[in-house]
Structure formats: C-alpha cells, structure tokens
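Worksheet for the structure shown next.
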Amino acid sequence: MGAVFALIDCNNFYVSCERIFDPRLLGRPVVVLSNNDGCVVARSREAKALGIRMGVPLFQIKGLVETHGVVVYSSNYALYGDISARVMGALREFTDDVEVYSIDEAFLDLERCRPVRPYREFGLDIREKLLKWTGVPVTVGIARTKTLAKVANHLAKTSEKAAGVLDLTDSPFLEVALERTPVEEVWGIGPAYAALLRARGVDNALRLRDMDVRAARRAMTVVGARLVMELRGVSCLPLETAPPPKKSITTSRSFPGAVSKYEELKESVSVFMTRCAEKLRRSGLAAGVVTVFIQTSQFSAGPHYSNSATLELIYASDSTQELLRHALEALQRIYRRGYEYRKAGVMLSGMVPAAETTGRLFDDETLERFRRVMPVVDMLNKKYGRDTVRFAAANPRGRWRTKAARRSPLYTTRLSDVPLLK
DNA sequence: TCTGGGGTCCTAGGACCC
DNA sequence: TCTGGGGTCCTAGGACCC
C-alpha cells in the first residue's frame, strides 16, 4: 500500500503566534503586516469576517481598523521562526517522516506512524497535542496524495463538522469534496491557470481531475499533468524529509521612503550582503555568483529605473568580507544618480558545499586570516546579539531601515523580552 | 527550388508556492 | 503619504559545438 499523507497546517499562523503571548487577542480581529508595515499577510478569523483581504495594503483598510478595533502587528519573524521550530519538533514526536513544507505547514506519512489507528483519530490526536504543547491550533487534511491532502485540509478549515480534521482516504465523500473545491483553490493552480481552465469550463477540482492528461500537459506543462494524476489518487509527489540544498539565497527590502544617495544604498546593500552570508554559512555553503539589484517604486509617478548586476566569482566564497567587495562593485555598476530608489537586494547563487571550495593558486596568509575570522564573528554575534561585530559599511540603522512600528517583543529569542510571571 | 542535423548549455520569462 | 519577501520549477529559444 502507498503512503497516506497528512497535511498539518497552522491556523492563521502569525496571528496564532502573537496570541500565545497575549491571550487578550483571542476572539478579536487581529492582522499581521508584511515588512515595512505595508500589507496584511495574516488575519485572524474575526479579521477575515470583516472582509479584510490577504495582501491588502494597510492604508486601504484604515477605516475598518479604527471602526472595529482591529489589532495590528508588524511581523516578528524571530518569534514565528522559533514557534515554527517548536511545532515541527512536536510533530516529530509522532514520526520521523516529517516534511517541513513551509514555516507553518508539514506533511507526514501516516502509514509509517505506529500504531496505525483510524487516520481521523490520529489527526485529532495530533491536533490536540500540538495545541497543548505549543499553543498553536492546526488543521489536518488526510489523503492518498499530497494534492488531495491539500484539498482535505482546505475543506477541514471551512467545515464545522470536520472539527479540524478531514480524512479523504477511501472516502465516499471524495467526489463531493472535489466538486466543492473551486479550481483556483487547488494546489498548483494560480491566477493564470485558473483563468485558462475556467475558460474551458473546468471550474472545480473534480472537473480538473477528469480533464484529459495530455490537454493538461499542453496547457500547464508537466506540472499540470502531474497535478491531474495526483487528483486521481496517483501519488507523484513523494514525501521529502531531507530538504534539498539551497540554490539561491536572497535578502531584499523595500525602503520606508525614497533613497537617492549612493552612500545610503551602499549601507543597505552591505547589510543585505551580511545577512545573505550569514544564511550561507549556516547552510554550510559557499556562493560563486553575486547579484545586486536596485529599483525605484513601481507605484510612483516619477522616473523609473530598475537594474541588476551579476558577478561571477573566480572562487566560490562564504566570507562576508569577500562577498561584500563583489556586491559593492556590482552596486557601483548599476547605480545612477537622480532616482528615488525604493528597494534594493542581494542574491547569492552558484552554490557549492563550503567544504569543497576549490583551493586557490595563491593561498596566502591574508586569505587564511579571512577564512578564520567569519566563524569567530558568527560566534560572537550569536552569543551577544546580531551585529555586535560587523563590517563598517554595513550600518543596520540607516534611514533606509525597514519600518516595524508595531512589533511584539522577541518573547522567545531575546532574554530581556521573555515574559515574566507575576 | 533546394541551403545539415543534432546535442548541450545557458538564460529569460512565466508560472507557481507560502 | 502609505503597496512584502523568499523561494522553486519548467520551457522556449539562442549560442555554441561537432
């Protein structure tokens, strides 16, 4: 018998994280904003009920926020990342076969959980224990393929009767479930494919399942063909318990206001490169390609400019110092005076395992010093806090710094922010 | 009138995910 | 005034090579 997939999805994850530490938020409309306090990226059930849509800019719902006392938070990724790790850790109490799919979702193979109880019972157990252990409410969808588990999860969220768990394995309800799932809700169908499918009368998951596979392939590449098979119960997407190595690492930010000066862009790009290099070393990788991009606002009326420069390194590196030099060279190439920049970013690619970096022809003493300094910097910053030791160019307090006016305390990751019991 | 053919690599763009 | 960030995969088409 094949796998039985359970998709565990945290409900309104960012909002749920905030609620753990401030129970007064229970029952109230709460939203969490994207970087720079720009758009809504998470909504409590009450906020959804007010008609606040995903991705809407904050300034467009100001009226609603005031009238209904919506509680607004800046995003607090340190907190969400930490809670996510706890949730995933809790899931591993049930089985080692956990695929961490995103910050708030995981797939499990229930066939490999012992003892095998009725799947629904198992799902209810997971739900109850996760709530008790982590404070995060979750929804569980169970089916014979990942795509069907997604469908089950989606339905479980909206059905009272499901009580947070829906098992569609060998279910007489399967066809009804598919029929009730609008085509755009299917995993892998975005706006473009949805429009294309609807134009052909394929408006729900059942019709998509019964679509000719070759037609699906023509319209949506092999991804679409695979998707149709998955809806038919033929598993094409296996559980991936070990994450594949990263192919690229990006750090980019929008600025809260216009940035025109080269010096300020240089500061921001230096900080972005520092963050990228930190992530790189944490993954045990070195990068052979550095890309820097800068752009003006896509919404402003003024003159637009957007450009990027990519540099290929002779030797892949994981040293902030070295990568920084290349990033600033790239920035110089694309910087033009007289524009109001609103966003910049750095991307690393061409990854190789750090341990396998090519030996250099002139492996001199200076280079060896470079190589030794980064682990020390990482260690100090881990112990005493980010940017305790940094390169002079990377000033994290510049005017370009991301706005986060309503961020909750770093409850779980900064000692001085840990809640006190009184 | 006819103007080689086939393989590989790279890139840009488009689609999707959370 | 104010509009996020970080990823992946697939394909077509051009460059290049023999």
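A note on names: the letters A, B, ... follow the listed sequences, proteins ahead of strands, and every chain is numbered from 1.
Within 4.0 Å of S75(A), counting heavy atoms only, lies no atom of the nucleic acid at all. No contact: N36(A) has no heavy atom under 4.0 Å from any strand. Here R226(A) lies in heavy-atom contact (under 4.0 Å) with sugar-phosphate atoms only. Heavy atoms of V222(A) sit under 4.0 angstrom from primed sugar atoms or phosphate atoms, though from no base atom. Here T402(A) lies out of heavy-atom contact (under 4.0 Å) with every strand. Backbone-only contact: I249(A) has heavy atoms under 4.0 Å from sugar-phosphate atoms and none from a base.
The aromatic rings of F272(A) and F255(A) lie parallel to each other, their planes meeting at an angle below 30°, with 60° marking the opposite boundary.
Here the CG atom belonging to D82(A) is positioned 13.5 Å from the CZ atom belonging to R414(A), to the nearest 0.5 angstrom.
One finds a side-chain N or O of S254(A) lying less than 4.0 angstrom from the OP1 or OP2 phosphate oxygen of dG5(C).
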Anything under 3.5 Å between a donor and an acceptor, one on a side chain of residues 14-42 of chain A, the other on a protein residue two or more places apart or in another chain? List them.
unit_1: S16(A); atom_1: OG; unit_2: N11(A); atom_2: O; d: 2.6
unit_1: S16(A); atom_1: OG; unit_2: N12(A); atom_2: O; d: 3.4
unit_1: E18(A); atom_1: OE1; unit_2: S408(A); atom_2: OG; d: 2.7
unit_1: E18(A); atom_1: OE2; unit_2: Y80(A); atom_2: OH; d: 2.7
unit_1: E18(A); atom_1: OE2; unit_2: S408(A); atom_2: OG; d: 3.1
unit_1: R19(A); atom_1: NE; unit_2: L25(A); atom_2: O; d: 3.2
unit_1: R19(A); atom_1: NH2; unit_2: L25(A); atom_2: O; d: 3.3
unit_1: R19(A); atom_1: NH2; unit_2: R28(A); atom_2: O; d: 3.0
unit_1: R19(A); atom_1: NH2; unit_2: E46(A); atom_2: OE1; d: 3.0
unit_1: D22(A); atom_1: OD1; unit_2: R24(A); atom_2: N; d: 3.3
unit_1: D22(A); atom_1: OD1; unit_2: R24(A); atom_2: NE; d: 2.9
unit_1: D22(A); atom_1: OD1; unit_2: R24(A); atom_2: NH2; d: 3.3
unit_1: D22(A); atom_1: OD2; unit_2: R24(A); atom_2: NH2; d: 3.0
unit_1: R28(A); atom_1: NH2; unit_2: G69(A); atom_2: O; d: 3.2
unit_1: S34(A); atom_1: OG; unit_2: C39(A); atom_2: N; d: 2.8
unit_1: S34(A); atom_1: OG; unit_2: C39(A); atom_2: O; d: 3.4
unit_1: N36(A); atom_1: OD1; unit_2: K403(A); atom_2: N; d: 2.9
unit_1: N36(A); atom_1: ND2; unit_2: S254(A); atom_2: O; d: 2.5
unit_1: D37(A); atom_1: OD1; unit_2: S74(A); atom_2: OG; d: 2.7
unit_1: D37(A); atom_1: OD2; unit_2: S74(A); atom_2: OG; d: 3.4
unit_1: D37(A); atom_1: OD2; unit_2: A405(A); atom_2: N; d: 2.9

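The distance from atom NZ of K403(A) to atom C1' of dT1(C) is 9 Å, rounded to the nearest whole Å. Protein atom CZ of R275(A) is 12 Å distant from nucleotide atom P of dG6(C), rounded to whole Å. Atom CZ in F293(A) sits roughly 8 Å away from atom P in dG6(C) (whole-Å rounding). Remark: P of dC16(B) and CE of M220(A) are 10 Å apart, rounded to the nearest angstrom. When rounded to the nearest whole Å, the span between OH of Y77(A) and P of dC18(B) equals 15 Å. For N35(A) and dG4(C), the CG to P distance is 10 Å, given to the nearest whole Å. Taking atom CZ on F255(A) and atom C1' on dG4(C), their separation rounds to 14 Å, with Å as the unit. Atom NZ of K146(A) and atom P of dC17(B) are 15 Å apart (whole Å).
Residue K150(A) places its side chain closer to dC18(B) than to any other of dC18(B), dC2(C), dG5(C). Out of dT3(C), dC18(B), dT8(C), the shortest distance to the side chain of F299(A) is found at dT3(C).
The side-chain heavy atoms of I126(A) and I8(A), taken from C-beta on, include a pair separated by under 4.5 Å.
Looking only at distances, no side-chain donor or acceptor of D387(A) sits under 3.5 Å from a matching main-chain atom of R390(A).
Within residues 80-109 of chain A, the residues having any heavy atom under 4.0 Å from DNA chain B are, by residue number, Y101(A), S102(A), D104(A), E105(A). Residues from residues 182-210 of chain A placing a heavy atom under 4.0 Å of any atom in DNA chain B, listed by number, are V186(A), W187(A), G188(A), I189(A), G190(A), P191(A), A192(A), Y193(A).
A donor atom on one side chain and an acceptor atom on the other are not found under 3.5 Å apart for S268(A) and R401(A). Side-chain N/O atoms of T291(A) and T310(A) include a donor and acceptor closer than 3.5 Å. With no hydrogens or angles considered, a side-chain donor-acceptor pair links E322(A) and S317(A) at under 3.5 Å. Side chain to side chain, E111(A) and Y119(A) meet the donor-acceptor criterion of an N or O pair below 3.5 Å. Using modelled atom types, one finds no donor on one side chain facing an acceptor on the other under 3.5 Å when comparing K343(A) with T296(A).
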Check: For R209(A) and E230(A), what are the C-alpha separation, side-chain angles and deciding distance, and is it a salt bridge (charged side-chain N to carboxylate O under 4.0 Å, His left out)?
Finding: CA-CA 8 Å; R209(A) 181 196 76 176; E230(A) 281 250 320; over 6 Å; no

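Identified under the side-chain hydrogen bond (donor to acceptor under 3.5 Å, both in side chains) test for residues 324-334 of chain A, with sequence neighbours left out: E329(A)-R333(A).
For DNA chain C, if you chain together Watson-Crick or G-U pairs that step i with j, i+1 with j-1 and so on, the runs of at least three with distances under 3.5 Å are B:5-18 with C:5-18.
Positionally, the nearest nucleotide of DNA chain C for S297(A) lies more toward the 5' end than for the other of P244(A) and S297(A). Map Q298(A) and K246(A) each onto its nearest nucleotide of DNA chain C; the residue landing nearer the 5' end is Q298(A).
Judged by a 6.0 Å distance limit and a 45° cone about the ring axis, K146(A) is positioned over the six-membered ring of F107(A).
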Just the table, please: protein N/O against nucleotides 9-13 of chain B N/O, every pair under 3.5 Å.
none

